Number of protein chains: 2
Amino acid sequence: MFSKTCEYAIRAVIFIAQKTADGSRVGIKEVAAGIDSPEHFIAKILQDLSRKGIIQSQKGPTGGFYLDAQSRKYTLADVVHVVDGDQIFNGCGLGLKQCSETKPCPLHNEFKKIRDAISKMLRSTHLGEFSEQLEQKLVFLKR
Amino acid sequence: MFSKTCEYAIRAVIFIAQKTADGSRVGIKEVAAGIDSPEHFIAKILQDLSRKGIIQSQKGPTGGFYLDAQSRKYTLADVVHVVDGDQIFNGCGLGLKQCSETKPCPLHNEFKKIRDAISKMLRSTHLGEFSEQLEQKLVFLKR
DNA sequence: ATAATAAAAGATAAATTTGTCTTTTATTAG
DNA sequence: CTAATAAAAGACAAATTTATCTTTTATTAT
């Protein structure tokens, strides 16, 4: 459904949202350990998200990743869009670039329903929601 | 959503269903051209499907690929399962192997709905349906 | 039987994704 | 101002997916 990179990204963003709900910051090592991902690999992904403003980062001592008020308003759709592009939102399920309403592939309408359901789900899930959840759920971002 | 290999597979199976509705057979070159895929690449995929009995094949002159009555009862879910395994049907949307009802990831229930919609759509689409459709739709399996 | 045909199988290569290691830059505390 | 810290960036490597080319096997028609 998503690339592995995107799976890591979503897990990391949820982790950061949960860990920094109190205004603190979380280091890349802790993120990597928390979501069971390669440290430098997730680092690059977070760099992308940070550059786009989806998350915040701060260098140096006391530095780390966090979400500001603005970022908490972003949704998982924004994360997915940065990492995987819009394939999942608009792409043809059969990989046909020219598939469209007027030139639909044989499964166009069925895929449309699925895509819309995915879009709706991602767009309605705001990063801030995860800041409000219990610590306990963290464990389920690993493995 | 699906691997590129799986996209080719679905397109090829639909193509074969449409082209051989009259009991004829269709060669690999025609399939490859018809769905815009690399000839030898789709050939291997069709070999897999043929070995599993999802489609039929016949060597030699007048040979080619086709669907028998039994195969027309298979669904796209069967095709996807052979090519991509059960990840799309059962896998966690965040890539967590141990994600389950009792240890759900933060998006477990939302992903479940999506997966179920995909499963339902694929399981309800029988290969025979494509044998009954108009020639005209063929063009929309390309590009 | 033989030649022609077409799928099956095998080997190899290119491209992309994923993962690792090192160096650089920015920031903070002392 | 300096040293320590942590993210950013760059270079490289492994693994996987996708694509290409060649040889083999089975089948048909002559």
Side-chain angles (χ1 to χ4, degrees), chain A residues 1-13 15-16 19-20 24-67 82-85 87-88 94-95 97, chain B residues 1-13 15-16 19-20 24-67 82-85 87-88 94-95 97:
Chain A
M1 176 155 240
F2 305 123
S3 68
K4 204 165 181 183
T5 303
C6 192
E7 292 173 352
Y8 284 148
I10 297 173
R11 278 151 63 188
V13 166
F15 183 86
I16 294 168
K19 278 285 179 178
T20 67
S24 63
R25 292 164 187 172
V26 58
I28 192 66
K29 278 187 211 300
E30 191 178 346
V31 172
I35 69 168
D36 192 44
S37 76
E39 181 182 325
H40 292 97
F41 191 67
I42 188 63
K44 294 222 185 283
I45 302 168
L46 294 185
Q47 281 164 34
D48 282 351
L49 292 171
S50 175
R51 251 184 261 114
K52 296 272 165 57
I54 310 288
I55 65 174
Q56 277 65 51
S57 73
Q58 174 77 36
K59 285 183 176 181
T62 78
F65 298 91
Y66 62 102
L67 302 187
V82 165
V83 180
D84 275 359
Q87 178 63 26
I88 193 80
L94 299 186
K97 292 188 187 63
Chain B
M1 178 152 242
F2 305 123
S3 68
K4 201 164 181 183
T5 304
C6 193
E7 290 172 353
Y8 286 147
I10 296 172
R11 279 150 62 187
V13 166
F15 184 87
I16 294 168
K19 279 285 179 176
T20 67
S24 64
R25 292 163 187 174
V26 58
I28 192 65
K29 278 187 212 299
E30 191 178 346
V31 172
I35 68 168
D36 191 44
S37 75
E39 181 181 327
H40 292 96
F41 191 69
I42 189 63
K44 294 222 185 282
I45 302 168
L46 294 184
Q47 279 164 34
D48 282 352
L49 291 171
S50 175
R51 252 183 261 115
K52 295 272 165 58
I54 310 287
I55 67 174
Q56 278 64 53
S57 74
Q58 174 76 36
K59 286 182 175 181
T62 78
F65 297 91
Y66 62 102
L67 303 187
V82 165
V83 181
D84 275 358
Q87 180 62 25
I88 194 79
L94 299 185
K97 292 191 185 63

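What you are looking at is a predicted structure, and each value in this text was computed from that prediction instead of being measured. Order of the sequence lines sets the chain letters (A, B, ...), proteins ahead of strands, with each chain counted from 1.
- The interatomic distance linking A:Ile28 (CD1) with C:dT22 (P) rounds to 18 Å, in whole Å.
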Open item on the list: Output one letter per nucleotide in nucleotides 18-27 of chain D: B when a protein non-hydrogen atom lies under 4.0 Å from the base, S when only the sugar-phosphate is that close, - when neither is.
Closed with: BBBBB--BBB
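- Between the CG atom of A:Leu46 and the C1' atom of D:dA6 there is a distance of 13 Å, given to the nearest Å.
- Toward the 5′ end of DNA chain D lies the nearest nucleotide of A:Gly63, the other residue of the pair A:Gly63 and A:Arg51 mapping further downstream.
- B:Ser24 places a side-chain N or O within 3.5 Å of a backbone atom of B:Lys19 that can act as its donor or acceptor partner.
- To the nearest angstrom, P of D:dA6 lies 15 Å from CD1 of A:Ile16.
- Residues B:Val26 and B:Phe15 have side chains in contact (heavy-atom distance under 4.5 Å, counting atoms from C-beta outward).
- A:Phe41 approaches A:Thr5 most closely through the heavy-atom pair CZ-OG1, 3.4 Å.
- Protein atom CZ of A:Arg25 is 11 Å distant from nucleotide atom C1' of D:dA6, rounded to whole Å.
- If you take CD of B:Gln87 and P of D:dT16, they are 15 Å apart, rounded to a whole angstrom.
- Rounded to the nearest 0.5 Å, atoms CD1 (B:Ile55) and CG (B:Asp48) are 9.5 Å apart.
- For the residue pair A:Ile45 and A:Tyr8, the shortest heavy atom distance occurs at CD1-CB, 4.0 Å.
- The CD atom of A:Glu7 sits 14 Å away from the P atom of C:dT17 (whole-angstrom rounding).
- For B:Ser57, a side-chain nitrogen or oxygen approaches OP1 or OP2 of C:dA8 to under 4.0 Å.
- The interatomic distance linking B:Phe65 (CZ) with C:dT5 (P) rounds to 18 Å, in whole Å.
- The distance from atom CD1 of A:Ile45 to atom C1' of C:dT17 is 11 Å, rounded to the nearest whole Å.
- Here the side chain of A:Thr20 pairs a donor or acceptor atom with the backbone of A:Ile16 at under 3.5 angstrom.
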